[in-house]
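Treat the numbers as computed from the prediction; the structure is a model and nothing was measured. Chain A is the first sequence line, chain B the second, and so forth, proteins listed ahead of strands; every chain is numbered from 1.
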Number of protein chains: 2
Amino acid sequence: MTTDHTGGRGGATIGAAPAAGPRASRRAGTRRKLFDAAVTLIAEQGFSATTVDEIADRAGVAKGTVYYNFTSKNDLFEELLRDGIDLLAASLRHAADTTYRRGGTRIDALDAMVRAGLDFIAGSPSLTQLYVAELWRTNRTWRATLKSVRGRALAVVESVLRDGVDTGELSDDIDIPLTASALFGMVLVAALDWQSFQPHRSVDDVHASLSRLLQGRVGGAAAAVPRTAPAATAPPSPAALPLPATAP
Amino acid sequence: MTTDHTGGRGGATIGAAPAAGPRASRRAGTRRKLFDAAVTLIAEQGFSATTVDEIADRAGVAKGTVYYNFTSKNDLFEELLRDGIDLLAASLRHAADTTYRRGGTRIDALDAMVRAGLDFIAGSPSLTQLYVAELWRTNRTWRATLKSVRGRALAVVESVLRDGVDTGELSDDIDIPLTASALFGMVLVAALDWQSFQPHRSVDDVHASLSRLLQGRVGGAAAAVPRTAPAATAPPSPAALPLPATAP
DNA sequence: TCCTTTGTTCTGACTGGTCAGTCTAAAAGT
DNA sequence: ACTTTTAGACTGACCAGTCAGAACAAAGGA
């Protein structure tokens, strides 16, 4: 009753046994157990509805231990977030870099990042859920932490978009911050929905759907600019080639 | 201090004064005030962290009134959700229908729905935020309510996608449920992010970005199927015309 | 091998405060 | 006459955080 799930991918935790050689003081292990217990409980019930006693129980330690290792419930939560989302950013970065190293385009990199995002979420659904649930809340002390953490993940996506625009692979009229956040959101929600409501689908199914969306195989031509008077019921006009506009 | 915001679009409320003729018993008004107060508070702080006393205060009524109108805090919350999301589904439906009536294509309809979604969220950010924060939580009593409410909104998107496939406007190899949920997520997160982190942008900016994404003006060709060996750094291959596959 | 010592880590009963939900007698409102 | 709202005291449960001491390790000492 200690090990519990939280999914593969190191389920939102330490990442690397903190430096220390062999006998890495018990603390590290205890903190790990607490993270794992907390992430699932908070994802299920929310921060306020989860009690410190529950977390301690689930982790198999006494309540006092929580307070020996973290200064407060809040602190535990913030460290949890930092720890977890850093892993996501790292995994996105890695996906992009690997793609480049193999000679892929920026667009390949975006696609690889979508996949990495899906894999990550599949591995740590609780963490993701918790992140989404708390990200847009105002009036909460951890707002700053979340914002910075969000920035770190989005920065990776934005940098790939920016490269793509610079090299002419992507049309330069895209709005980088907005596009990055939309992409991020698309993956986030699609993945959560998949896990919650259509768990029988495979990652590949989901990935394929998102790729198609990204490639415009869904919303082909038409409606180039918002509020364009809709063309008559005429079939598809094959216009709207993706690509560069006025790029170098 | 009673009227508060919650935004235009009837800010998540009654929708239509419940049947009753002219003097629609005060209750309707009181419930409305309570909904408005609750939606903002819960969006900011979360369900558990929001107290009934706060809600009553903000609505300008006595605590007893809350319990005269709703059987519990939970009940108030569930009615709130139902009420609000029904409005979203209605607004999406309306956007699609209007587009058709004006001779637009299914793709125009999707675009109009994106716009309707953005407008709705801009008008009721709190409701949206609260919805996103709670949707994927397991172990909460209102899970069923949320699920059904989600279904109702997605059904609208799915029906448009299905029509598009039937008429050949959309490639028939898209996965309708997954695509619908990804679209929904894209709009949801982009809108929340916009409100939270880039509030200076206009709806049109956001809409334009999403439209481009939908039309494949971002992720042009390449990576047609997940795991395609990335083509060399070669520039864009203008392939990937959206459209029909084997449709009639 | 079996203590002793010393610092670290863990324990769980306890405290002080908070909150959902109840209740009443009276006042509005229609 | 009937419905709805009021003010707020009260209760029983629940919970974050504390604290004095127990259990554990590592390193000697005999």
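Between B:Asp53 and B:Arg58 no salt bridge is recorded (no basic side-chain N to carboxylate O distance below 4.0 Å). Ionic pairing of A:Asp119 and A:Arg115 is present here: one or more N-O contacts between side-chain nitrogen and carboxylate oxygen are shorter than 4.0 angstrom.
Remark: P of C:dC10 and CD1 of A:Ile55 are 16 Å apart, rounded to the nearest angstrom. Taking atom CZ of B:Arg27 as the reference point, atom C1' of D:dC2 lies 13 Å away to the nearest angstrom. Atoms CZ (A:Arg26) and C1' (C:dG7) sit 11 Å apart, rounded to a whole Å. The interatomic distance linking A:Asp57 (CG) with D:dA16 (C1') rounds to 15 Å, in whole Å. Taking atom CG on A:Asp75 and atom P on D:dG17, their separation rounds to 10 Å, with Å as the unit. In this structure, A:Tyr67 places its OH atom 18 Å from P of C:dC14, rounding to the nearest Å. Rounding to whole angstrom units, CG of residue B:Asp53 and C1' of D:dC10 are separated by 13 Å. D:dA16 atom P lies 15 Å from atom CZ of A:Phe70, rounded to whole Å.
Using a 4.0 Å heavy-atom criterion, one finds that A:Lys63 contacts the bases of the nucleic acid, with or without backbone contacts as well. B:Thr71 comes within contact range of no nucleotide atom at all, as no heavy-atom separation falls under 4.0 Å. Across all strands shown, A:Val61 has heavy atoms under 4.0 Å from sugar-phosphate atoms exclusively, and none from any base. Within the 4.0 angstrom heavy-atom criterion, base atoms lie near A:Thr65.
Between A:Tyr68 and the phosphate of C:dC10, there is no side-chain N or O to OP1/OP2 separation shorter than 4.0 Å. OP1 or OP2 of C:dG21 has not a single side-chain nitrogen or oxygen of B:Asn74 nearer than 4.0 Å.
Remark: A:Thr128 OG1 to A:Phe120 CZ distance equals 6.0 Å, nearest 0.5 Å.
The shortest distance between side-chain heavy atoms of A:Asp83 and A:Glu79 does not fall below 4.5 Å.
A cation-pi geometry, defined here as NZ or CZ lying under 6.0 Å from the six-membered ring centre and within 45° of its normal, does not hold between A:Arg140 and A:Phe47.
Taking every side-chain heavy atom of A:Ala62 into account, C:dT11 is the closest of D:dA7, D:dC15, C:dT11. Distance from the side chain of A:Val52 is smallest for D:dA16 among the nucleotides C:dG12, C:dT9, D:dA16. Taking the side chain of A:Thr30 as heavy atoms from C-beta on, and the options D:dT4, C:dC10, D:dA16, the nearest nucleotide is C:dC10.
Nearest-nucleotide positions on DNA chain D place A:Thr50 closer to the 5' end than the other of A:Thr50 and A:Gly64.
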